Amino acid sequence: MVFMGTNKHIYLTGFRGTGKTSVGALLARSLRRTVIDLDGVVAANVGKSISEIFQDGGEVAFRDLESTALESVSQTENAVISLGGGAILRAGNRAIIRSTGVCIWLDCDAETIIRRLQQDDASLEQRPALTTLDESQEIRELLKHRYPLYQEAADHRLDTAGQTIEQVADQTMEWLERNASV
Ligand code: S3P
């Protein structure tokens with residue numbers, strides 16, 4: 001599949017802890033594009049952390065803010081946009097992603113995600129519990145539930161297990177150069 005990539009965003013999707021934010025920063029540098037972290041936009045729009053948004057209004061309030069933020073960033077100049085792990089849950093969001101960009105899915109097995117999230121200091125502020133399950137069960141269940149949605153939203157899947165951020169960014173660049181003429 002060939003994309004007219006130059007006038008499209010590059011979206012990064014995938015579960016929490018798959019490296020979207022770090023890979024996005026590297027990609028943006030290589031492509032000389034602006035990088036946008038959707039969670040950052042949501043938090044800045046309301047002046048609260050993601051955890052505070054969940055505490056005050058629950059997940060639905062967060063998803064509403066996330067959809068509004070996606071709609072507005074999708075209309076900006078072409079950028080590299082790191083999505084939150086659940087931004088693909090709403091069909092309307094998936095439609096925006098598909099119509100305004102090329103989407104790369106950073107995938108990973110549950111064990112690696114569990115390990116990475118435990119090591120990531122941002123988890124507390126940015127990643128409130130999404131279910132009443134314990135953390136590792138939540139990750140397994142949500143990965144299963146979201147798998148077809150990532151598949152639907154994305155143009156390409158990359159397995160990031162055992163890879164450094166730099167390796168994932170290089171592989172993403174290679175794929176984009178071959179398939180998206182960026
Ligand atoms: C979420 C992932 C988070 C953040 C929020 C909800 C999710 O982003 O958007 O906590 O539903 O998976 P990261 O994927 O950047 O951690």
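As the structure is a computational prediction, the values presented were derived from the model and not from experiment.
- Note on Y150: it does not cluster hydrophobically with V80, by side-chain heavy-atom contacts below 4.5 Å among ILVMFWY residues.
- A continuous path of Ile, Leu, Val, Met, Phe, Trp and Tyr side chains, each step under 4.5 Å between heavy atoms, connects L89 with I113, placing both in one hydrophobic cluster.
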List the steps, then state whether side-chain hydrogen bond (donor to acceptor under 3.5 Å, both in side chains) holds for S67 with D64. CA-CA 5 Å; S67 296; D64 288 344; 5.7 Å; no
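- At a threshold of 4.5 Å between non-hydrogen side-chain atoms, the residues Q171 and I104 do not count as touching.
- T164 places a side-chain N or O within 3.5 Å of a backbone atom of Q167 that can act as its donor or acceptor partner.
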Which donor-acceptor pairs under 3.5 Å do side chains of residues 141-148 form with protein atoms, sequence neighbours excluded?
| from | atom 1 | to | atom 2 | distance (Å) |
| --- | --- | --- | --- | --- |
| E141 | OE2 | K144 | NZ | 3.4 |
| R146 | NH1 | G85 | O | 3.2 |

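- At least one donor-acceptor pair closer than 3.5 Å links the side chain of E52 to the backbone N or O of S49.
- Under a 4.0 Å N-O distance rule, the pair R115/E111 does not qualify as a salt bridge.
- When all heavy atoms of A153 and I88 are compared, the pair lying nearest together is CB-CG2, 3.5 Å.
- Rounded to the nearest 0.5 Å, atoms CG (D159) and CG (D109) are 7.0 Å apart.
- Nearest heavy atoms, A43 versus I53: CA-CD1, 4.5 Å.
- In the hydrophobic clustering of ILVMFWY residues, with side-chain heavy atoms under 4.5 Å counting as a link, V168 and V102 come out together.
- S51 approaches R127 most closely through the heavy-atom pair OG-N, 4.4 Å.
- Here D56 pairs with K48 under the side chain to side chain contact (heavy atoms under 4.5 Å, CB included) rule; sequence neighbours left out.
- T100 approaches S74 most closely through the heavy-atom pair OG1-CB, 3.9 Å.
- At least one side-chain heavy atom of R16 sits less than 4.5 Å from a side-chain heavy atom of L130.
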Just do the side-chain hydrogen bond (donor to acceptor under 3.5 Å, both in side chains) check on D170 and T172 with the steps written out, would you? CA-CA 5 Å; D170 284 349; T172 306; over 6 Å; no
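- Between A87 and L38, the shortest heavy-atom contact is CB-CD2, 4.4 Å.
- Both I139 and W105 are assigned to one and the same hydrophobic cluster, defined by single-linkage of ILVMFWY side chains at heavy-atom distances under 4.5 Å.
- Of the possible donor and acceptor atoms, none in the side chain of T112 sits under 3.5 Å from a partner among the backbone N and O of C108.
- Of all heavy-atom pairs between N78 and R33, the closest is CB-NH1, 3.5 Å.
- Electrostatic pairing of R98 and D155 counts as a salt bridge here, judged by a charged N lying under 4.0 Å from a carboxylate O.
- In this structure the side chain of V73 never reaches within 4.5 angstrom of the side chain of H9, judged on heavy atoms.
- At least one donor-acceptor pair closer than 3.5 Å links the side chain of S30 to the backbone N or O of L26.
- By the 6.0 Å contact criterion, CD on Q75 is enclosed, its count of non-hydrogen atoms from other residues, nucleotides or ligands being greater than 12.
- Follow the hydrophobic side-chain contacts under 4.5 Å out from M173 and you reach I165 in the same cluster.
- Taking CD1 of I81 as the reference point, atom SG of C103 lies at 10.0 Å (rounded to 0.5 Å).
- Side-chain contact, Y11 with S82: no donor N or O sits under 3.5 Å from an acceptor N or O.
- Contact annotation: the side chain of V23 approaches that of L106 to within less than 4.5 Å [non-hydrogen atoms, C-beta and beyond].
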Check against side-chain contact (heavy atoms from CB on, under 4.5 Å), R140 and I114: CA-CA 9 Å; R140 284 174 222 283; I114 293 164; 3.7 Å; yes
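- Considering only heavy atoms from C-beta on, N45 stays 4.5 Å or farther from V42 through its side chain.
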